[in-house]
Protein chains: 2
Amino acid sequence: MARASQTEVAVLGGLSVQPMTGYALREAIRDVLGHFWSESYGQIYPTLANLERQGFVRRQDAARTGASTFAITPSGTRRLEELLAQPVQAAPPRNGLLLRLYFGRHLGPAACRTLVQAALAEAQDALKRYAEIRAEIEGQDSEDRDYWLLTVSAGEHSARAAQAWAHDALSTLAELDDPARTRPGRTS
Amino acid sequence: MARASQTEVAVLGGLSVQPMTGYALREAIRDVLGHFWSESYGQIYPTLANLERQGFVRRQDAARTGASTFAITPSGTRRLEELLAQPVQAAPPRNGLLLRLYFGRHLGPAACRTLVQAALAEAQDALKRYAEIRAEIEGQDSEDRDYWLLTVSAGEHSARAAQAWAHDALSTLAELDDPARTRPGRTS
DNA sequence: GTCATCATGTAAACCGTTACATGATTGT
DNA sequence: ACAATCATGTAACGGTTTACATGATGAC
């Protein structure tokens with residue numbers, strides 16, 4: 001019962017949508033879950049091997065050539081349900097941008113603005129990507145559709161919040177950089 | 001030049017506010033940076049030892065009893081500025097809640113709602129804490145004040161976004177759970 | 001035939017947490 | 001005296017990324 005990493009959830013979940021090779025699984029995770037999840041080969045292949053040993057996935061088309069497609073088994077589906085029901089374990093927060101801004105006095109307002117501008121650009125990129133993903137999901141008629149849209153919506157809310165915050169932060173930093181511009185009385 | 005972890009930023013930054021013991025530093029990071037950063041003893045003590053070897057911090061009051069207070073040195077301040085200027089390295093995303101919701105069909109709408117409700121409660125707690133922190137920071141007159149408020153503002157935006165999303169998500173999930181309630185035509 | 005991509009896997013390194021061992025200080 | 005908290009450190013463990021080695025397949 002030791003192995004209960006969230007990687008198993010991602011792997012079994014991915015295979016629950018459709019059978020795939022390890023390589024395709026990684027691509028799918030990057031492209032589809034990319035805005036809230038990531039896995040590397042170093043995680044995926046050993047996890048697949050474990051899951052196979054336990055009978056939760058099975059290897060099809062193991063032709064003489066390396067490539068083999070993995071499919072989830074009925075017991076694997078049960079295992080997935082079990083893992084999904086486990087409590088979400090919150091990762092300790094680590095936000096490099098906020099860490100820098102907190103000590104921003106040592107960095108100066110101008111450099112801070114550059115950092116925030118980068119964050120703003122990122123948020124705007126993200127919003128564009130979400131619009132595309134949303135359109136794509138809304139187009140199809142899967143049972144999963146509404147659940148998938150839930151995660152897109154989370155991304156959208158979060159990106160809009162980042163955008164709004166960045167605007168606020170930029171005007172605060174502009175004042176710190178040049179108080180004269182907003183307090184015309186003090187030209188000293 | 002190998003050691004350039006962000007832990008050094010947190011440690012040097014903390015000591016730039018005031019000299020502290022390793023223990024106090026950890027408490028300060030938990031209490032003050034807690035909503036966007038975390039460090040454990042296993043990181044802090046070795047990092048302090050490294051920084052001391054490099055002359056970026058020095059140990060005062062190394063009385064015969066174990067406890068010693070660390071202070072940042074002038075070269076440590078320069079080092080901090082250098083580290084702050086380095087590009088923010090984005091951590092790979094890992095959101096356990098969204099991972100579960102994406103595969104929510106296997107979990108069922110009711111269990112998903114429980115998850116989202118927990119997230120909503122968390123966001124509301126966070127907003128309360130931010131209000132307190134904000135009041136406290138606004139009360140003082142430090143040079144750092146405006147930078148510190150920037151990070152609080154980021155937390156507030158993010159928590160409000162989480163709150164709004166959770167509300168949306170809960171009504172979506174309610175429909176999935178019992179379509180009759182919102183589509184009275186189909187009682188089948 | 002050769003280049004890009006698909007595909008599998010492993011080893012080393014890194015980062016970080018947890019748990020433990022240990023002991024001083026302070027309040028009751 | 002004893003309990004709680006302050007304080008320092010380390011060892012073990014676990015999870016994750018990166019880089020590497022290797023080779024098949026398909027397009028041009």
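Here is the naming used below: chain letters follow the sequence lines, and residue numbers restart at 1 for every chain. All figures in this text were calculated on a predicted structure; none of them were measured in a lab.
Atom CD of B:E8 and atom C1' of C:dG16 are 15 Å apart (whole Å). The separation between B:Q89 atom CD and C:dG16 atom C1' is 14 Å, rounded to whole Å. Nucleotide C:dC6 holds its P atom 18 Å from the CZ atom of A:F70, rounded to whole Å. A:L25 places its CG atom 10 Å from the P atom of C:dT8, with the value rounded to the nearest Å. Atom P of nucleotide C:dG9 and atom CG of A:N50 are separated by 12 Å, given to the nearest angstrom. Distance, A:I29 CD1 to D:dT16 P: 12 Å, rounded to whole Å. Separating the CD atom of B:Q43 from the P atom of D:dG15 is a distance of 17 Å, rounded to the nearest angstrom. Between A:R30 atom CZ and D:dT18 atom P the separation is 13 Å, expressed in whole Å.
A:T47 places a side-chain N or O within 3.5 Å of a backbone atom of A:Q43 that can act as its donor or acceptor partner. With hydrogens and angles disregarded, a donor-acceptor distance shorter than 3.5 Å links the side chain of A:W165 to the backbone of B:L150.
Residue pairs that meet the side-chain hydrogen bond (donor to acceptor under 3.5 Å, both in side chains) test with at least one member in residues 21-31 of chain A, sequence neighbours left out, are A:E27-A:R30. Sorted by first and then second residue, the side-chain hydrogen bond (donor to acceptor under 3.5 Å, both in side chains) pairs with a member in residues 122-138 of chain A read A:R134-A:E138, A:R134-A:E156; sequence neighbours excluded.
Within the 4.0 Å cut-off from OP1 or OP2 of C:dT18, not a single side-chain nitrogen or oxygen of B:S40 is found.
Within 4.0 Å of B:S38, counting heavy atoms only, lie sugar-phosphate atoms of the nucleic acid but no base atom. Among the heavy atoms of the strands lying under 4.0 Å from A:R94 are primed sugar atoms or P, OP1, OP2 only; no base atom is included.
For B:G42 and B:P92, each mapped to the nucleotide of DNA chain D holding its nearest heavy atom, the one lying further toward the 5' end belongs to B:G42.
Partners of A:H35 according to the side-chain hydrogen bond (donor to acceptor under 3.5 Å, both in side chains) rule, which considers only residues two or more places apart in sequence or in another chain, do not exist here. Scanning for ring-ring contact (aromatic ring centres under 6.0 Å, His included) contacts around A:W148 gives B:Y102, with sequence neighbours left out.
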Could you list the donor-acceptor pairs under 3.5 angstrom formed by side chains in residues 70-78 of chain A, with sequence neighbours left out?
| from | atom 1 | to | atom 2 | distance (Å) |
| --- | --- | --- | --- | --- |
| A:T73 | OG1 | A:G55 | O | 2.7 |
| A:T73 | OG1 | A:F56 | O | 3.1 |
| A:T73 | OG1 | A:S75 | OG | 3.3 |
| A:T73 | OG1 | A:G76 | N | 3.0 |
| A:S75 | OG | A:G55 | O | 3.1 |
| A:T77 | OG1 | A:T73 | O | 3.3 |

Polar atom pairs (N or O), protein with nucleotides 4-7 of chain D, under 3.5 Å:
| from | atom 1 | to | atom 2 | distance (Å) |
| --- | --- | --- | --- | --- |
| D:dC6 | OP2 | B:Y23 | OH | 2.9 |

